[in-house]
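Here is the structure we will look at.
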Amino acid sequence: MSYWLFKSEPGCFSFDDLKNRPDSTEHWDGVRNYQARNFLRDQVKPGDLVLFYHSNIPEPAVVGLAEVVREGYPDFTAFDPHSEHFDPKSSVAAPIWYMVDVRYVEPMKKPVTLERIKTNPLLSEMPLVKRSRLSIQPVTPEQWQMILAMAGMET
DNA sequence: GCCAACGTTGGC
DNA sequence: GCCAACGTTGGC
């Protein structure tokens, strides 16, 4: 079982949006970066746990927990000319982009802001801190425990 | 809204 | 295959 951090702009898709989906489950589609794609296609598995991170807002933060419920499969929004994520180079026969399905678990008792993450020496190796724009990131068990502790959620 | 980081594209 | 131009992300 692995840990991940998934980024989303809340104006586009928020943690509450996930909660309000049927079965609180949603496709994590629209990822168009090869490194993130590789994680989704090859490493993200059902049962894995996810830190849901809100980006591109005044106070970016980890706001909740989600669980992976379906492993990587072709992102069908890439096949749809009407989708804003349409990619003519991807096809059903040779898909380029992948998505997983995730389910709402619970909100953080206390959101863990980027500011707090950046000032914690034990989290300095997180891709988030190294200013990577990667939207799907691995999280180590140690980092996971620290983030949950900072959220007031002892494991 | 600005801009640095960085990934992608395309001419050569 | 190099690298400049360009586009996107995302913190501030």
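Everything quoted here is computed from the prediction, not taken from an experiment. Order of the sequence lines fixes the chain letters, A, B, ..., with proteins taken first and strands second; residue numbering starts at 1 for each chain.
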Would you say a side-chain N or O of A:Lys118 is under 4.0 Å from OP1 or OP2 of C:dC12?
yes

A:Leu5 CG to C:dG10 P, in whole Å, measures 11 Å

Exercise: do A:Asp101 and A:Tyr73 side chains pair donor with acceptor under 3.5 Å:
yes

Tell me whether the OP1 or OP2 atom of B:dC6 has a side-chain N or O from A:Tyr34 closer than 4.0 Å.
no

Report the residue (A:Asn33 or A:Asn56) whose heavy-atom-nearest nucleotide on DNA chain B is the more 5′ of the two.
A:Asn56

Could you tell me the separation between the CD atom of A:Gln137 and the P atom of B:dC6, rounded to a whole number of Å?
12 Å

Using whole Å, what does the distance between atom C1' of nucleotide B:dA5 and atom CG of A:Leu128 come to?
14 Å

Does any donor atom in the side chain of A:Ser14 or A:Asp17 lie under 3.5 Å from an acceptor atom in the other side chain?
yes

Looking at A:Arg32 and A:Asp75, is there a salt bridge between them, counting it only when a charged N and a carboxylate O are closer than 4.0 Å?
yes

Check the distance between B:dT8's P and A:Arg37's CZ and give it to me in whole angstrom.
10 Å

Closer than 4.0 Å, any side-chain N/O of A:Lys7 to the OP1 or OP2 of C:dT9?
no

Compare the minimum distances between each of C:dG10, B:dT9, C:dG11 and the side chain of A:Arg133, then state the nucleotide with the smallest one.
C:dG10

Atom-pair distance (CZ on A:Arg116; C1' on C:dG11), nearest Å:
18 Å

Could you tell me the separation between the CZ atom of A:Phe6 and the C1' atom of C:dG10, rounded to a whole number of Å?
19 Å

Nucleotide C:dG10, atom P - distance to NZ of A:Lys130 in whole Å
18 Å

Rounded off to whole Å, could you give me the CD1-to-C1' distance for the A:Ile136 and C:dG10 pair?
15 Å

Shared ILVMFWY cluster between A:Val44 and A:Phe52, side chains joined below 4.5 angstrom?
yes

